[in-house]
Amino acid sequence: MHTNEELAELIFPEITETVEDLEKRYPPRDLPDGAEVTRFAPSPTGFLHTGSLFTALIAYKIAKQSNGVYFFRLEDTDQKREISGSGKELVEQLEAFGITQNEGYFGDTEKGNYGPYVQSKRSKIYKICIKDLIKRGLAYPCFCTAKDLDDLRMTQNANRVVPGYYGEYAKCRHLTIDEAYERIVNGMSYVIRFKSRGNHNNYVRVHDEIRGDLNLSENDQDIVILKSDGLPTYHFAHLCDDHFMHTTVITRGEEWISSLPIHVDLFNTMGFELPKYAHLPVIMKNEDGKRRKLSKRKDPEAAVSFFLKEGYPIEGIIKYLMTIANSNFEEWLMKNPKTDINEFQMTFGKMSLDGALFDLPKLKNICKEVLSYYTKDEITEKAEAYAKKYSPELLKMIEFDKDYFKEIMNIEREQEKPRKDYEKYSDIIDHIKFFYNDKYDEMFAAQPLPFNEFIDRGEIKAILEEFHDNLDYSVDKQEWFNSLKELGVKHGFAPNFKTYKKNKEAYKGHVGDVAEMVRITLTTSKRSPDLYSILHILPKEEIDRRFAKTIDIL
RNA sequence: GGCCUCAUGGAGAAGCGGUUUAACUCAUAUCCCUCUCAAGGAUACAUUCGCGGGUCCGAAUCCCGCUGAGGUCACCA
């Protein structure tokens, strides 16, 4: 007759430490009152997902604003799905968004007293806990094969009973210790299951920081806690890791709500204090009138790298995510458009319960706002950083003459109501390329200049010549514009749109038409920022050249 | 299918039993301003809070039922 003790020794002969040893090794953290310990714990299965960034952002904020600790843990227990190198990538992308840690996994290194922070390196810790459970008769080896489990599921479905490995259906649970012992000695493959003492008909009340009290059916499933590869499942890793790392608030997606009873069961039987839980809404996408989770495969915007590549400002993305996270954030943002968002206090109570639809127009609007508030130096610096990584073309423009670029970026910037031209850094090129001679020449050659076809070419030519001959760079904007009006009037154009509208027959057009001629000459386009600014930024010789070139073809 | 969660306009949402004629932001539309654009300003956009009952003098707000959407039922997390 073997005992549970002997069974535990047979399975884990190399494990000599106990749960008490672990408690000593990972003592409670010394933190101020109210400090929360949070974590972001992704699997290294690919690049940073927009939803993951959202989750990480919330965990980070909750810890920061309470003077607590935010750390990064790598959940690499599924070696089949692992994509090598993605763990490091995840850390780096988060860092790009300002979500930095002072403890945890850093890609190449680890820091902190509660490590290791990579689950595959914590194997011993899980085994210590499982050995303890086996000794206490609360976990057992299960020899069922995938086929056994499939068959079980099928008969359960056919009989309309709750599927799963529990109670009478948990075959291996009813094996005697000797039987189990013998099978292991004989080299049979097995997993370790948790022996649940719960009853499906009882309810447990679990508090969720966002949703309030949840009433859930007790767990009675004998879930797998150690896979045959020797690594734990998520549930068991969550139990051990968050307990010994002293996480105070578990922030995770709402898809975990249904496994909450398992976690409660696990924490209770290990005698560990249950952490607080906050089940976050999942970011959705609308497709043909149906809501669904943002999908990494189908939606480019599901990967955070998409936004980075497009050149959306990081600050804008974070602010957008914050508006989804807390309904009162936007109001705060409007009052404090330039304040560091770390000043904003995030609360679980202001979090919505159902998943928000990802709204690109809203993101764009926020990004526009963010970019418009940057000084010329700030936007130049950030645009350069973006260009270095993603846009050689833009980089060339910036490096050609940085001061020149700054002056261009400064058009109607650094004022009360700045221009809002750009939603992302990649928009810059198209808006300003006419400032660069080679681009100008390209555009000049590409299509006929869009001069108003109702105005005689000779007239345009005469006006342009006269405008150019009398160009005075020393006058202020108002005076300059007056002279433009006078020039128009002289040629039969109304001084303003109103006058023209009242009596269209009396005029060939209005100042706008005259300005348009100059604009096309200088930019090849009917649309551009302020003309006066352009005249003062473009080098004088270049202005002369453009006039000559344009007049020449008229 | 069982269980769980959620449900206010095109989107994010405020509201939590009585000055709510349902705040605010984005989007959209129209108008104004204007040298074009980007802005800015003004106005419009839910007779009604998924539907049906009930409680109450009074309900988006409380209760019940239904419906819809999402999640979950793995040796994936």
Side-chain angles (χ1 to χ4, degrees), chain A residues 41-45 75-78 80-81 119 142 144-146 149-150 153 157 160-165 189-193 200 208 211 214-217 221 223-235 237-238 252-261 279 281-282 284 286 289-293 320 323-324 326-331 333-334 350 352-366 368 372 411-412 416-422 431 481 484-485 488 496-498 510-520 523 525-532:
Chain A
S43 302
T45 53
E75 308 224 323
D76 62 340
T77 56
D78 185 359
K80 278 173 255 141
R81 291 199 311 160
Q119 287 181 335
C142 168
C144 291
T145 62
L149 264 17
D150 271 350
R153 219 182 338 261
N157 280 335
R160 302 214 168 185
V161 298
V162 180
Y165 207 80
S189 158
Y190 62 92
V191 299
I192 305 292
R193 283 184 186 272
H200 194 77
D208 181 275
R211 287 152 208 274
L214 262 24
N215 228 336
L216 305 166
S217 198
Q221 297 276 341
I223 56 140
V224 172
I225 52 180
L226 194 73
K227 300 184 281 187
S228 54
D229 61 6
L231 288 170
T233 55
Y234 170 85
H235 305 113
H238 157 53
R252 40 144 80 143
E254 62 180 338
E255 68 271 21
W256 289 106
I257 290 177
S258 35
S259 37
L260 209 39
H279 289 95
V282 172
M284 313 285 279
N286 192 317
K290 293 235 177 200
R291 292 179 155 243
R292 45 157 254 253
K293 242 165 114 170
Y320 172 64
T323 67
I324 295 182
N326 260 197
S327 54
N328 54 331
F329 174 75
E330 228 182 321
E331 204 181 325
L333 181 62
M334 275 188 297
K350 284 286 179 186
S352 85
L353 302 178
D354 64 335
L357 240 33
F358 191 90
D359 191 24
L360 200 57
K362 182 94 177 187
L363 200 224
K364 288 181 174 177
N365 177 273
I366 292 174
K368 251 184 181 179
S372 79
I411 297 174
E412 292 173 86
E416 190 57 40
K417 300 240 164 100
R419 283 187 75 87
K420 295 182 181 171
D421 278 328
Y422 319 116
H431 278 80
F481 189 59
L484 185 75
K485 276 188 190 171
N496 56 59
F497 187 64
K498 259 195 189 137
H510 58 98
V511 249
D513 295 306
V514 182
E516 185 182 278
M517 298 172 198
V518 177
R519 174 166 281 114
I520 291 171
T523 73
S525 161
K526 287 164 114 168
R527 296 163 23 166
S528 84
D530 180 55
L531 257 187
Y532 182 80

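By convention in this document, chain letters (A, B, ...) are assigned in the order of the sequence lines, proteins followed by strands, and residues within each chain are numbered from 1. Note that this is a predicted model, so its numbers are computed, not measured.
When Watson-Crick and G-U wobble pairs are counted only if both distances are under 3.5 Å, rA22(B) pairs with no nucleotide at all. rU5(B) is paired with rA69(B) under the Watson-Crick or G-U wobble criterion, all donor-acceptor distances under 3.5 Å.
Distance Y165(A) OH to rC75(B) C1': 12 Å, rounded to the nearest Å. Nucleotide rC75(B) holds its C1' atom 7 Å from the CG atom of D229(A), rounded to whole Å. As rounded to whole Å, 15 Å separates atom C1' of rU5(B) from atom CZ of R252(A). Atom NZ in K362(A) sits roughly 16 Å away from atom P in rG10(B) (whole-Å rounding). Atom P of nucleotide rC75(B) and atom CG of D150(A) are separated by 10 Å, given to the nearest angstrom. Protein atom CG of L149(A) is 6 Å distant from nucleotide atom P of rC75(B), rounded to whole Å.
T45(A) comes within 4.0 angstrom of nothing in the nucleic acid, heavy atoms only. K485(A) comes within 4.0 angstrom of nothing in the nucleic acid, heavy atoms only. Within 4.0 Å (heavy atoms only), S352(A) reaches sugar-phosphate atoms of the nucleic acid but no base atom.
rG50(B) sits 16 Å from rA69(B) when the P atoms are compared, rounded to a whole Å.
A donor-acceptor contact under 3.5 angstrom links the side-chain atoms of D530(A) to the base of rC35(B). For R519(A) and rC37(B), a side-chain-to-base donor-acceptor distance below 3.5 Å is absent, hydrogens and geometry of angles not being considered. Between the base of rC75(B) and the side chain of S228(A) there is a donor-acceptor pair shorter than 3.5 Å. A donor-acceptor contact under 3.5 Å is not formed by the side chain of R211(A) with the base of rC6(B).
Nucleotides of RNA chain B nearest to T323(A) and V224(A) differ in position, and the one nearer the 5' end is that of T323(A). Residue L214(A) is the one, among L214(A) and R81(A), whose nearest nucleotide of RNA chain B lies closer to the 5' end (criterion: closest heavy atom).
In this structure, K350(A) does not pair ionically with E331(A), as no charged nitrogen and carboxylate oxygen lie closer than 4.0 Å.
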